[in-house]
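Heads up, the thing below is written out as structure tokens.
Chain identifiers are assigned alphabetically (A, B, ...) following the order of the sequence lines, protein sequences preceding nucleic acid strands; residue numbering begins at 1 within each chain. Since the model is a prediction, treat every value here as computed from it, not as a measurement. FYI, side chains are in, hydrogens and waters are out, and symmetry mates aren't considered; it's all heavy atoms of this structure.
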Amino acid sequence: MIQAFAFYLFATMLIASAVLVISARNPVHSVLWLILGFFNAAGLMLLLGAEFIAMLLVIVYVGAVAVLFLFVVMMLDIDFAELRAGFVRYLPFGLLLAMVLAVEMIFAVGAWKAGSLEMAQRLVPIPSDVPNIEAIGDLLYTRYLYVFEGAGLVLLVALIGAIVLTHRARGGIRPQNISEQVKRRPQDATRNIDQPVGQGVEL
Amino acid sequence: MVDLSEYLPILLFLGVALVLSSLFVFGPMALNHVTGAYKPNADKLAEYECGFPAFEDARAQFDVRFYLVAILFIIFDLEAAFLYPWAVSLDKIGWTGWFAMMGFLVELVIGFAYAWKKGALEWE
């Protein structure tokens, strides 16, 4: 009962926030609705038993991708009223995309009803009694080790690429020099003098 | 079927949050309707005294440097996402898994050192 209640809560919230993403006037509000949608999708994934995907949605999508979207929206210099004007012109294209998606969904449901091929089941049987995250962890770091290290290399390339493309060395910056600061002793900065009375201090 | 009973406290928290937030939003509105007078006037929203009409949109363009910070954040966030199942099943995967993760971390530390050396983490 309570699971059905949670499912309908998350599902209605998800659809409502998805509608608001595309209908909100302000693109920043759209991104905020998208974040709400991600949270509700994470709840749905938890109900399905896919805890790892739920956590990934919260950690990666809400934490990082939404921030990136927000930055992109704030960095673009476009007139959003002008962007909206082409609604009628793009309507056929949008309808076509929606139809393709609908057909794909129908195919997916049909394939699911017909029973899956379970190719992966032969290679790596999924144990039903361990949690999702443990099942992934058991395989990812042992059997699929090279793929995992390759993922690390892809991340490294992405990091270097982002720096090469967007980083510009700026002149005139004065960064903190920590070793210089730590090396400095009191005698470098202060001086004890025996000041005679009636004379000016020589600096 | 998975056991979802451990998530019940979180669901309860969600319900409490929903009730409290709707109370704070709709409660004052209802109170307003009961006690206040509703007389809208365009002059009530006008600028007065030191105020003046806005020259332009408040939405300012962000610097592209924020984008680099966000990208670096995504990459290290993904690294954390990979650490999570590793930490859960570390006692089962043994030394192989441990060294696999160390290799992964070394790859990212190289990237981190590169970013540091290039000054991508510096702001001004």
I want to check something: taking the side chain as every heavy atom from C-beta on, are [X] and [Y] in contact at a cut-off of under 4.5 Å?
X      : Y      : result
B/Y114 : A/V164 : yes
A/Y141 : B/L90  : no
A/F10  : B/L14  : yes
A/F148 : B/M101 : yes
A/E51  : B/Y7   : yes

By a 4.5 Å heavy-atom criterion (distance strictly below it), what part of [X] contacts chain B: side chain, backbone, both, or neither?
X      : value
A/V58  : neither
A/I160 : both
A/L56  : side chain

When [options] are compared by non-hydrogen pairs under 4.5 Å with chain A, the top option:
options               : value
B/G97, B/A70, B/A100  : B/A100
B/I93, B/V106, B/I110 : B/I93
B/F66, B/W98, B/F99   : B/F66
B/I71, B/L68, B/V69   : B/L68

**Reported CD1-to-NZ distance for the pair A/I163 and B/K118, which is rounded to 0.5 angstrom** = 8.5 Å

**Request:** Look up atom CG in A/L46 and atom CD in B/E6, then write down how far apart they are to the nearest 0.5 Å.
**Result:**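 Output value for this atom pair is 11.0 Å.
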
Between [options], the one whose heavy-atom pairs under 4.5 Å with chain B are most numerous:
options                      : result
A/I2, A/I136, A/L153, A/L165 : A/L153
A/L68, A/V67, A/L140         : A/L68
A/L159, A/V65, A/L145, A/L70 : A/L159

**Asked** Counting N and O atoms only, with roles assigned by atom type, does the side chain of A/E134 sit under 3.5 Å from a partner on the main chain of B/S89, one being a donor and the other an acceptor?
**Response** no

**A/A158 versus B/I75, closest heavy-atom pair with distance** = C-CD1, 3.9 Å

**Exercise: identify the closest heavy-atom pair between A/G152 and B/F104** =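 Result for this residue pair: CA-CE1, 3.2 Å.
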
Name the region of [X], side chain, backbone, both or neither, that has any atom closer than 4.5 Å to a heavy atom of chain A.
X      : result
B/L72  : side chain
B/L105 : neither
B/L11  : side chain
B/F82  : both

Is [X] atom [atom1] crowded by more than 12 heavy atoms from other residues, nucleotides or ligands, each under 6.0 Å away?
X      : atom1 : value
B/W86  : CH2   : yes
A/Q181 : CD    : yes
B/Y67  : OH    : no

